[in-house]
Amino acid sequence: MINLTSVGIFGMILSASFCDISWTQKKRLLMSGSMAGVLMIQGIIYFEIDSGIVEYFYPLITHVPLAVVLCILSKSILWPVISVFTAYLCCQLRRWLALLIVWVFAGGSLMQDVSELILTLPLLLVLIKFIAPSLRTVSHHRALGQWLFGLVPGLYYGFDYLTRIYTNLLMEGVLVAVEFMPFVCSVAYLIFAVHISEEGQVRSRLEQTQYILKLQISQAVTEIEALRESWEKTRRHRHDLRHHMQYISSCIENGRYEQAQEYIHGICWEIETAEVTAYCENEAANLIFSAFAGRAKAQDIPIKIKARIPKEISVSESDLCVLLSNALENALHACQKQKEKGLPGWMEADAYEKNGTFVFQLANSCDGNVVLKEGIPVAEDPEHGIGVRSICAIVEQYGGIHTFMVEGDKFILRTSL
């Protein structure tokens, strides 16, 4: 009876430690009261009815109430049940360690019971300290991962009661019963191998995408700084216009007309290459729009930009740069492909902020053969499509909405964040 009580306390405390529960005073009292109630019912049945009934109905009088209480405390259903199965599986550690002691010292059933009692507390503390924290993290995995984790303890639970408590199949050496758990271990191992491989591939893709996004952000910030530096250089040229004029006048007075002409061309080229159009109040947006407007003009691609973006917006400068740059880059690339086919290429951008929400829409010409999968453009080359993923990542980061659509020979991107 003492051994039965100790293993009951061991299993119930371990089951609770496997669940991710914020233990308040009220929850501790509820758990303690539930444990006391279960042990009381076990004692009444053991002494007043029949000691054999306790083991026979143990799942009904112990495990079911325990699982229900843990479901209430954790506000979850699946993981508390798995934690009960897992704790039941851990109870076998007591039994096997005690059997090892009995085998070493050639003891009997009394030594078995005493050894299990002595091992209960140390083993419980070890499992709570070193194993329980890892198991609690599994409770945050997807349902599929939890089901896979609970496969072995769940099947062992059913196997142990069916072959050892309710029948004597295991003791009688029935081949199916003897070989069942090795079969389960083999299947579970293979399933876990496949699952871990898939998780590894997903993690690898996410890490690769994250790395690419970091590179794009770094590149975008660098481009902004370069554009800002060019803009400052242009402002300095304008500020120093008087000195330029004096130099040119001096060249003309001394008959150095070609030198004056070269100097004028040089100044004009520097100003034109660093020209930034003020589309709106936001400096970063002006720099990006100006850069892509210049690239489009160089390739004879008409572009219309309408921007009403204030100086301060909810989107960070680096995220704004990634969003606008990737969208404009993709649109410019699509227009280039149109021009190569002898078809017209054009771009139209509209950006504004309203009631704290940044809205950006970009339309460009396309051949109408854009493939959308779940509303997202799919690139023919697996190495392409990073720009689209970057746009989606930025929008989702702010809890916004993005839509991609094709209307005839027009591709439209709309974002709201």
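All residue numbers in this chain count up from 1 along the given sequence.
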Open item on the list: Ignoring hydrogens and geometry beyond distance, is a side-chain donor-acceptor pair present between E116 and S6 at under 3.5 Å?
Closed with: no
TODO: Taking the six-membered ring for Trp and the full ring for Phe, Tyr or His, determine whether the centres of Y88 and Y161 are under 6.0 Å apart.
DONE: yes
Task: Separation between OG of S83 and CG of L66, rounded to the nearest 0.5 Å - done: 7.0 Å
Open item on the list: For L78, is the CG atom crowded, meaning more than 12 foreign heavy atoms sit under 6.0 Å from it?
Closed with: yes
- [ ] With side chain to side chain donor-acceptor pair (under 3.5 Å) as the test, would you mind laying out the steps for Q42 and T62 before giving the verdict?
- [x] CA-CA 8 Å; Q42 290 180 8; T62 303; 2.7 Å; yes
Task: Atom pair SG (C19) and CZ (R136), whose distance is rounded to the nearest 0.5 Å - done: 9.5 Å
- [ ] Please test V38 against M35 for side-chain contact (heavy atoms from CB on, under 4.5 Å), starting from the C-alpha separation and ending with a verdict.
- [x] CA-CA 5 Å; V38 168; M35 291 173 58; 5.8 Å; no
Could you give the side-chain donor-acceptor pairs of residues 351-365 under 3.5 Å, partners two or more places apart or in another chain?
unit_1: Q361; atom_1: OE1; unit_2: R414; atom_2: NE; d: 2.7
unit_1: S365; atom_1: OG; unit_2: P344; atom_2: O; d: 3.3
unit_1: S365; atom_1: OG; unit_2: W346; atom_2: N; d: 3.2

Open item on the list: Nearest 0.5 Å, please: how far is CD1 in I313 from CG in L320?
Closed with: 4.5 Å
Task: Gap separating the CZ atom of R295 from the CG atom of L328, nearest 0.5 angstrom - done: 9.0 Å
Open item on the list: So which atom in S325 and which in F292 form the shortest heavy-atom distance, rounded to 0.1 Å?
Closed with: O-CZ, 3.5 Å
Open item on the list: Is there a side-chain contact (heavy atoms from CB on, under 4.5 Å) between D300 and K339? Walk through the geometry before answering.
Closed with: CA-CA 9 Å; D300 197 24; K339 296 279 287 184; 3.9 Å; yes
Open item on the list: Centroid separation under 6.0 Å, is that true for the rings of Y157 and H63?
Closed with: yes
Open item on the list: ring-ring contact (aromatic ring centres under 6.0 Å, His included), that's the test. Do Y166 and Y56 meet it? Break it down for me.
Closed with: CA-CA 7 Å; Y166 300 145; Y56 197 82; 4.7 Å; yes
- [ ] Kindly determine whether F149 and H141 satisfy ring-ring contact (aromatic ring centres under 6.0 Å, His included), including the steps that lead there.
- [x] CA-CA 10 Å; F149 183 87; H141 288 198; 8.8 Å; no
Task: CD1-CD distance between I288 and E329, expressed to the nearest 0.5 angstrom - done: 12.0 Å
Task: NZ/NE/NH1/NH2 to OD/OE distance under 4.0 Å, K311 and E281 - done: no
Open item on the list: Under the rule for salt bridge (charged side-chain N to carboxylate O under 4.0 Å, His left out), what residues qualify as partners of R28, not counting sequence neighbours?
Closed with: none
- [ ] Answer yes when D350 and R308 have at least one side-chain N-carboxylate O distance shorter than 4.0 Å, and no when they do not.
- [x] yes
- [ ] Only counting residues at least two apart or in another chain, list the ones meeting salt bridge (charged side-chain N to carboxylate O under 4.0 Å, His left out) with D409.
- [x] none
Open item on the list: Taking atom CD1 as the centre, does I49 end up with more than 12 heavy-atom neighbours from other residues, nucleotides or ligands that are less than 6.0 angstrom away?
Closed with: yes
Open item on the list: Suppose we screen for salt bridge (charged side-chain N to carboxylate O under 4.0 Å, His left out). Which residues come up paired with D20, at least two apart in sequence or across chains?
Closed with: none
Open item on the list: L123 and side-chain contact (heavy atoms from CB on, under 4.5 Å): which single residue from L14, I128, I118, L93 fits?
Closed with: L93
TODO: State which residues pass side-chain contact (heavy atoms from CB on, under 4.5 Å) with C392; sequence neighbours excluded, sorted by chain then number.
DONE: I376, V388, E396, H402, F404
Open item on the list: Checking the side chain of N168 only, and the main-chain atoms of M171 only, is there a donor and an acceptor separated by less than 3.5 Å?
Closed with: no
TODO: Please indicate whether L144 has more than 12 foreign heavy atoms, meaning atoms of other residues, nucleotides or ligands, lying under 6.0 Å from its CG.
DONE: yes
Open item on the list: How about CZ on F183, more than 12 heavy atoms from neighbouring residues, nucleotides or ligands closer than 6.0 Å, or not?
Closed with: no
Open item on the list: Is there a side chain to side chain donor-acceptor pair (under 3.5 Å) between N3 and R94? Walk through the geometry before answering.
Closed with: CA-CA 11 Å; N3 195 26; R94 286 174 76 251; 2.8 Å; yes
Task: Approximate separation, where rounding is to 0.5 Å, of I394 CD1 and L417 CG - done: 8.5 Å
TODO: Apply salt bridge (charged side-chain N to carboxylate O under 4.0 Å, His left out) to R95 and list each qualifying residue two or more places apart in sequence or on a separate chain.
DONE: none
Open item on the list: Would the distance check show the side chain of N286 and the main-chain N or O of N282 forming a donor-acceptor pair, the cut-off being under 3.5 Å?
Closed with: yes
